[in-house]
Structures are given as structure tokens and as C-alpha cells.
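Single-structure report; data block below.
Below, read A as the first sequence line, B as the second, and so on, with proteins coming before strands; counting in each chain starts at 1.
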Number of protein chains: 2
Amino acid sequence: MIIVIIIERVKAMQKYSKQREMILKSLKNREDHPTAEKLYLDLKKEMPEIGIATIYRNLQILTEQNEILKINGGKESDRFDGNTKKHFHFVCEKCKNLYDVFLEDDKMEQWEKWLENIAKNTIADIQTTNITINGTCKNCKKKEEEIK
Amino acid sequence: MIIVIIIERVKAMQKYSKQREMILKSLKNREDHPTAEKLYLDLKKEMPEIGIATIYRNLQILTEQNEILKINGGKESDRFDGNTKKHFHFVCEKCKNLYDVFLEDDKMEQWEKWLENIAKNTIADIQTTNITINGTCKNCKKKEEEIK
DNA sequence: TTCAATAATGATAACAATTATCATTATTAT
DNA sequence: ATAATAATGATAATTGTTATCATTATTGAA
């Protein structure tokens, strides 16, 4: 007799945690795009015992669950956005400020159609997109022109 | 008598180096988007004494001089592209592969006009752009569907 | 061509953001 | 209440990249 045991790695059941709830709530209630560090310092005020690892851990979990958006910060720290409504991000290469770029719904739809079309003609099937535009913001451009 | 000495930090004159030339030539002659590490290992074959710091240093210099493109790799390593003709990059979130997305010139122009328009209506003056699209590539999507 | 002046190099230390480890605590289903 | 186990917080480890610094290479002028 041959007994075959199949052990399947099942996704662990998620348990509630105060910390995760706080992190999510905080991101939903603010308009900016804090780094993990910034969020840590802010939440520490309400819950002094919270650890930085918990912040990172939960930010990752929430990102995977599409409850929040992770904005790749490159050399700078990553930032997190509680607003999951589709929009672009604009990062000023000079001052490192991050701006939301919301499009009217029809424009966004147009963009997505366009992107889909690009995808069809190239190698990729684009499912989720996360567009960051780099450039120089108005303030910094102004400053540059004043120097000249 | 008051003597005022104004010391102005002048941009240092750039001197030639074999290493920088090699790095640039290598990037211009390849189609992929190597990381600094990969480039280092490749160039070591031709010039065993080259150091990793030299690679990083020159990649930065060349990027600043717009001779090459630096592609922000986020948690992964940055990648470098010898092709400065405007195009997008598509990164597969699953396999981490990076694909070029070239647009016909008129499409790219259209995109830029569009972007400019977005910019006007929002906070930013977009000068240089560096668009990375994240998603799932055809191969990985196929694999996913096979599992289901 | 030789000689400063100084930019570039290569080895390696330092750094900063993030992730892994692990003993302890909290949540959950029974 | 209990047992199973997910989550926590402290901190060590990791990783990609940058800074430091003594040495070497390039350059323009004598």
C-alpha cells in the first residue's frame, strides 16, 4: 500500500491586530504619502510601544491586499498612499516632493485603453499599473529660472 | 579694510578615463538593462582591476550627463539603459523582468502633449519624464492561469 | 618632456532602508 | 479555559549604494 501525503502550503489565516488597524486607519485619514519611518514616528505618539518592524510588516501586508498603495521611492524611502483610487504620482527630482496627479475618470479610462493597446503590441499584459512621473515641480523650476 | 573673498564652487573639469569610456561603450552596445553589479562582472572580464565603486561613480556621472538612463529599481537594484531615445519601461512584478516599450514617434509626441496638459492642470511642470509601468508580463500571466 | 595640479581610481568602511530572526504576547476557534 | 498559531517588538542581518582616502592617471603649461 502506498500512502501519499500532500502537504500544501496554505496561506496563513490572518488575525486581527490593533497595530495593523491603526496603520490602515492612519493612511486612510491623511492626504500625504508618508514613509514607513514617518508613519512610525506619528503612530508612536498614540502607541509608544509600537515597533518599526511592525510598521514595515503591515505596510507590506496591506499593500499585498491592495488596501494601500506602495510608491517606489528609489534611492529615497518608499512612500505609502491610503488612496487606492487610480491616479499617478509626480515626484520632483529637485525637492523630492511627491504630488498626486488625479485624472478625470474618462481621461483615466482613455489612458488605460491606450496602455492596453501598447501592451497588446508589445510584450506585456498590464494588469495593475503604478505610474510615477519624474520631473521638476513648478516651485523648483521657478527657483532655477531666478538664478539664471 | 575689509576683504571679501568669494569662493565659488566651480564644476570640476572632467578628465578622460578608460573606465568611463568602457562603461559607456558597453551600455551603448547592449540591448539589455544591466544592474551596476552585472556590468561590473561583465567589464571585469576585459579589465580585471576595475572596482565596483568606479562602476557606480561613472554610472552616476553618465546619468547626470544624460548619456545613459537610470531606471529606478526600487527594492531591486537600479538598472541602466544606454538607449536614451524616449521610451517606457515595463517591469513585471512577478519575474522582475524589464521590458522596453517603444512607441511610434507620433504616439510618443501625443503622450507628451497629454502629459504636458495634465501638468498644466496640476502642480507640476514636467521636464524630463521617466515612466515605468508595473504589471504582470505575458509569461507570468500564462503561468498563473495554468495553475487555476 | 617634464612638471605641477587635480580628477579618477580601487579598496574598503560606512550608511540607510528594509527584512529576517526569535522569544514573547495576543487573537481565535473549539 | 485551552491550545494553536499569528502578530509583535527588539534587534541582528542584509543589500544596494555612497563616502573616504591613499595612489595613479590625465592634462595644460613651462
Side-chain angles (χ1 to χ4, degrees), chain A residues 7-26 33-65 67-68 70-80 91 93 96 98, chain B residues 7-26 33-65 67-68 70-80 91 93 96 98:
Chain A
I7 299 173
E8 202 181 328
R9 187 101 186 91
V10 175
K11 202 194 291 177
M13 195 226 339
Q14 180 163 293
K15 286 184 182 170
Y16 170 84
S17 92
K18 255 195 302 296
Q19 289 85 343
R20 185 160 48 244
E21 190 186 36
M22 268 188 72
I23 290 166
L24 181 56
K25 201 183 281 178
S26 169
H33 308 78
T35 60
E37 180 74 16
K38 179 78 169 63
L39 204 50
Y40 170 63
L41 294 173
D42 290 351
L43 295 182
K44 233 175 144 55
K45 289 170 197 161
E46 283 181 67
M47 186 188 272
E49 71 276 19
I50 201 167
I52 186 80
T54 302
I55 304 281
Y56 274 105
R57 214 172 4 231
N58 283 300
L59 286 173
Q60 196 176 302
I61 292 168
L62 291 168
T63 301
E64 277 164 13
Q65 294 173 176
E67 306 240 42
I68 62 172
K70 176 180 187 167
I71 307 159
N72 177 349
K75 149 86 189 147
E76 326 294 316
S77 303
D78 290 342
R79 290 151 170 279
F80 296 87
V91 178
E93 285 171 343
K96 308 299 178 194
L98 194 148
Chain B
I7 299 173
E8 202 182 328
R9 187 102 186 89
V10 175
K11 202 195 289 176
M13 195 228 336
Q14 180 163 294
K15 285 184 183 171
Y16 169 86
S17 93
K18 255 195 301 296
Q19 289 84 344
R20 184 160 50 243
E21 190 186 37
M22 268 187 73
I23 290 165
L24 180 58
K25 202 183 281 177
S26 169
H33 308 78
T35 60
E37 180 74 16
K38 178 79 168 65
L39 204 49
Y40 170 63
L41 294 173
D42 289 351
L43 295 182
K44 233 175 146 53
K45 289 170 198 160
E46 284 182 66
M47 186 188 272
E49 73 276 19
I50 201 167
I52 186 79
T54 302
I55 304 282
Y56 275 104
R57 210 170 9 226
N58 282 301
L59 285 174
Q60 195 177 303
I61 291 168
L62 291 169
T63 300
E64 277 164 14
Q65 293 173 177
E67 306 242 42
I68 62 173
K70 177 180 188 168
I71 307 160
N72 178 348
K75 150 85 189 148
E76 326 293 316
S77 302
D78 290 341
R79 289 151 171 280
F80 296 86
V91 178
E93 285 171 343
K96 309 298 177 192
L98 194 149

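Of the listed nucleotides (D/dT11, C/dA8, C/dA17), C/dA8 has the atom at the smallest distance from the side chain of B/Arg20. In this structure, of D/dT18, C/dG10, D/dG9, it is C/dG10 that holds the atom nearest to the side chain of B/Ile50.
Rounded to whole Å, atom P of D/dT8 lies 9 Å from atom CD1 of A/Ile55. The CE-C1' distance, from B/Met47 to C/dA8, rounds to 12 Å in whole Å. Atom CG in B/Leu41 sits roughly 12 Å away from atom P in D/dG16 (whole-Å rounding). Rounded to whole Å, the distance from CD1 on B/Ile71 to P on D/dT17 is 12 Å. The CG-P distance, from B/Asp78 to D/dT18, rounds to 8 Å in whole Å. For A/Tyr40 and D/dG9, the OH to C1' distance is 9 Å, given to the nearest whole Å. In this structure, A/Asn58 places its CG atom 8 Å from P of D/dA7, rounding to the nearest Å. The nearest whole Å value for the distance from the CD atom in A/Glu76 to the P atom in C/dA17 is 9 Å.
Counting heavy atoms from C-beta on, the side chains of B/His33 and B/Phe80 never come closer than 4.5 Å. Side chains of A/Gln14 and A/Ile61 form a contact here, defined as non-hydrogen atoms less than 4.5 Å apart. You'll find the side chain of B/Arg57 stays beyond 4.5 Å of the side chain of B/Arg20, heavy atoms only. In this structure, the side chains of A/Pro34 and A/Asp42 stay at 4.5 Å or more apart for every pair of heavy atoms.
Minimum heavy-atom separation, B/Ile23 to B/Thr54: CD1-O, 4.1 Å. When all heavy atoms are compared, the tightest approach of B/Ala36 to B/Ile55 is O-CG2, 3.7 Å.
Taken over five-pair windows at either terminus, the axes of the helix from C/dT1-D/dA30 to C/dT30-D/dA1 are inclined to one another by 40° (rounded to 10 degrees).
Other residues, nucleotides and ligands contribute more than 12 heavy atoms inside 6.0 Å of the NZ atom of A/Lys44.
Using a 4.0 Å heavy-atom criterion, one finds that B/Glu37 contacts no nucleic acid atom at all. Residue A/Thr54 is classed as a base contact, given a heavy-atom separation below 4.0 Å to a base.
Side-chain atoms of A/Arg79 never come within 3.5 Å of backbone atoms of A/Ile71 as a donor-acceptor pair (strictly under, hydrogens ignored). Checked by atom type and distance alone, the side chain of B/Thr63 pairs as donor or acceptor with a backbone atom of B/Leu59 at under 3.5 Å.
OP1 or OP2 of C/dT18 lies within a sub-4.0 Å distance of a side-chain N or O belonging to A/Tyr56. In terms of phosphate contacts, B/Gln19 brings a side-chain nitrogen or oxygen within less than 4.0 Å of OP1 or OP2 of C/dG10.
Remark: B/Leu39 CG to B/Tyr56 OH distance equals 10.5 Å, nearest 0.5 Å.
Two residues, B/Lys44 and A/Ala36, neighbour DNA chain C, and the one matched to the more 5' nucleotide by heavy-atom proximity is B/Lys44.
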At under 4.0 Å between heavy atoms, how does the protein contact nucleotides 22-30 of chain C? Give one character per nucleotide, 5' to 3', with B, S or -. -----BS--
